[in-house]
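Have a look at the structure below before the remarks.
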There are 2 protein chains.
Amino acid sequence: MERLQPVRRDATVADVAKRAGVSKAQAARALGNYGAVSDDVRERVLAAAQELDYRPNELARTMNTGKSHTLGVVVGDIENPHFGLLMRGISDTAKRAGFDVILVNTGEDVTIERDAVQVLLDKRVDGLIVAPASSLETEHLRRVYESGRPLVLVDRQAQGVPAEVMAVDMTSVAFASTRHLLEQGHTRIAFVSTIDSGEPYRPGIRLHSSQIMERLTGMEQAFGQAGLSLPPDLVRLNAGNADSIRRITRDLLAGSNPATAIVASDGLIALSVVEEIQALDLDIPGEVSILMYDDFPWTRLTTPPLSVIAQPVYDIGAAAAKTVIARISGRVQVPATPAFEATLILRGSIGVPPSALPEAAAS
Amino acid sequence: MERLQPVRRDATVADVAKRAGVSKAQAARALGNYGAVSDDVRERVLAAAQELDYRPNELARTMNTGKSHTLGVVVGDIENPHFGLLMRGISDTAKRAGFDVILVNTGEDVTIERDAVQVLLDKRVDGLIVAPASSLETEHLRRVYESGRPLVLVDRQAQGVPAEVMAVDMTSVAFASTRHLLEQGHTRIAFVSTIDSGEPYRPGIRLHSSQIMERLTGMEQAFGQAGLSLPPDLVRLNAGNADSIRRITRDLLAGSNPATAIVASDGLIALSVVEEIQALDLDIPGEVSILMYDDFPWTRLTTPPLSVIAQPVYDIGAAAAKTVIARISGRVQVPATPAFEATLILRGSIGVPPSALPEAAAS
DNA sequence: GTGAAAGCGCTAACAC
DNA sequence: GTGTTAGCGCTTTCAC
């Protein structure tokens, strides 16, 4: 009951060695080109390998050396072009240095992130780049650090994890953009974010995302500098889905003291906010001003085009990759973490609030 | 010159066994829970594992069993939300079945795709899902098939590769949407695609992307049914970057016999096309009608909202995952490949061409 | 230069 | 139930 050729097993070093008439060790040396090998042997071995269509078993190789020439990347939401671009920055840099990149998506779920990190570690990636779902729940990241495998964080901090963080300083750009809004005459400035806090905003609240914390801090500072304070009722967290965002938008724009400007924490939020504003038949920027985080191509297409806060996402990815690779290579002199700057790009969606217009001022 | 604790080596089965006072084999059985183990032994082993913080070396495990409980995914452009959504469909399904998913991006480059597939194969993924960069250069995919590892294709066919393809039938929706445009009175219908053909379009041309082929076929059929033929001068391939797309758009809209409708092959193209139309100060849909492939949220935000051809991308991903997993599990009865249908979603960007309006007709 | 042999951490066949 | 013993495919001493 035997097959003639069980499944055409892949050729191994031993097979190649036999065919070339040399020892396994010599074949391995020629194949992996290390150690000392005579030209004659090398030639015969490579020829044999060719004929047998030999492909090294990377798993076995990794098991011995501990190196896989692979970077692991963990992100929250690959559907967000933000991460797509980040990924390209990482991939391009990694490829140039001879590293492969594998990605795992977490849906911004810390539990899944924990598993993802473990999976990657189990696959023996040489280094890890993580955009942490939470800046507070970070034991699993601390463990990566303790395992000694290089880890670089992107976008967000992670409390208690002594790893480099490649991220924009959101505080200053939030400050600058809020000041701009204040200068236009806005004081009722709203901020809408999906960030899941479990409770409504109050000054001094602690959030999972260091990015959002920074944005709020920047806003608070700008208000403070103007002798005002950020209206707590206009900061809306937990804006989970399109429906809730639209409801929040309606709410912000209703009543006797509505918001005159809305800052959307990401593209998806801006989308629903603008949709609701259109549904309410309000004018942008005549009646409501809009500012959103991240600069996506489509923001130039809306009427009016959206003002945005752009981040050098590709560069952040590239820098992250460069740094993990430097660490992997054992370089002591790791490239200094660059300071990334976000920039406010003014398009048509920010204007003067109705209350500040001449005719309104007269009343 | 010895360290007291060289690097705190990870605990292995042997360590656990020693600590629990049993043989390696028994420890392994308890840990991997297979074979027969007495309650007493199991308890001691698990306790020892706990104390030593034992984590199985998945690499070693994979080397022995040949299984990694991991799906490999290869896509062309992760920046495109299309693939992001596809990825979610895959991940959700895989996770539910206990599989991890790792992704490699190729930038639509066949050479990189070849490497990516090899990397994944080297990592011994149990199955592969590939959105092939080319439907024509497919030897590497054929090799995957021959290696016996389950392979499922998404979005595009791959010539000579006998693997299931999860994709929408683009021909029929292209036919239907073109007929709709014809019924509105358009005959000068343009089609713009990034697809790299090396040469301009001519009827009967062979392209790398089966999807684009189908779209063109559908358009040709609709024209044929109307007793007309697709104007070859309006089919523009090789629209690589934003600049060239804008140049092409300008070109299509100039002259004495301009296009009255433009079909954009993807979101990025639509973006540049619309930008150029706005720059030319032409009215949509008064002077030019627009239709694009893929339904992204932002298409509802432009003025007017864009008519699109929507695909059930998430479902395609889910189905692909389900099928590879079925194959991996050796199920003979693999779920039948569902027929995915794209749908034409009419919004405001398609209208009657100027030439068909009463006043124009009078002239 | 070259080869024999040990070992990476695990699973699996085979005895008892 | 349990332990012994081979491997998996590769790298890496260590002799010669």
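Numbers restart at 1 for each chain; the letters A, B, ... are given by sequence-line order, proteins then strands.
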*Choosing from dT11(C), dG1(C), dG3(D), which nucleotide comes nearest the side chain of Gln26(B)?*
dG3(D)
_Please pick, from dT11(C), dG1(D), dT4(D), the nucleotide with the shortest atom-to-atom distance to any side-chain atom of Arg61(B)._
dT11(C)
*Could you check which of dT11(D), dT11(C), dG9(C) has an atom nearest any side-chain atom of Tyr34(A)?*
dT11(D)
*Count the heavy atoms belonging to other residues, nucleotides or ligands that lie under 6.0 Å from NZ of Lys18(B), then report whether that count exceeds 12.*
no
*Report the nucleotide, chosen from dG1(D), dC10(D), dA6(D), that has the shortest atom-to-atom distance to any side-chain atom of Lys24(A).*
dC10(D)
*No-hydrogen, no-angle side-chain donor-acceptor test under 3.5 Å, Tyr314(B) and Asp92(B)*: yes
_Rounded to whole Å, please give me the gap between CZ in Arg124(A) and C1' in dT11(D)._
16 Å
*Does Thr12(A) place a side-chain N or O at less than 4.0 Å from the phosphate oxygens OP1/OP2 of dG9(D)?*
no
*Check whether any side-chain N or O of Thr65(B) sits under 4.0 Å from OP1 or OP2 of dC10(C), and answer yes or no.*
no
_From C-beta outward on Ala36(A), which listed nucleotide comes closest to its side chain: dT2(C), dG3(D), dT11(C)?_
dT2(C)
*What integer distance in Å separates Leu59(B):CG from dC8(C):C1'?*
10 Å
*What is the distance, rounded to the nearest whole Å, between atom CG of Asp122(B) and atom P of dC8(D)?*
19 Å
*Counting side-chain heavy atoms from CB outward, which of dG3(C), dT4(D), dC10(C) is closest to Val22(A)?*
dG3(C)
_Between dT2(C) (C1') and Asn33(A) (CG): distance, integer Å_ = 17 Å
_Under a plain distance cut-off of 3.5 Å, with no hydrogens placed, do Asp40(A) and Ser38(A) share a side-chain donor-acceptor pair?_
no
*Give the rounded distance in Å between these two atoms: CZ of Arg55(B) and C1' of dC8(C).*
19 Å
*Could you please name the option among dG3(D), dG3(C), dT2(C) that lies closest to any side-chain atom of Ala25(B)?*
dG3(D)
_Phosphate-side-chain proximity, Thr62(B) and dC10(C), N/O vs OP1/OP2 below 4.0 Å_ = no
*To the nearest angstrom, how far is Lys67(B) atom NZ from dA12(C) atom C1'?*
16 Å
*Any luck finding a side-chain donor-acceptor pair between Lys123(B) and Thr70(A) under 3.5 Å?*
yes
*asked:* What's the closest nucleotide to the side chain of Asn64(A) if the choices are dT4(D), dG7(C), dA4(C)?
replied: dG7(C)
*Hey, which of these two, Ala28(A) or Asp39(B), hits DNA chain D nearer its 5' end, going by closest nucleotide?*
Asp39(B)
*Counting heavy atoms from C-beta on, name the nucleotide in dC10(D), dG3(D), dT2(C) closest to the side chain of Arg29(B).*
dG3(D)
*Using atom CE of Met63(B) as one end and atom C1' of dG7(C) as the other, report the distance to the nearest whole Å.*
12 Å
*asked:* Any carboxylate oxygen within less than 4.0 angstrom of a Lys/Arg side-chain nitrogen, looking at Arg88(B) and Glu79(A)?
replied: yes
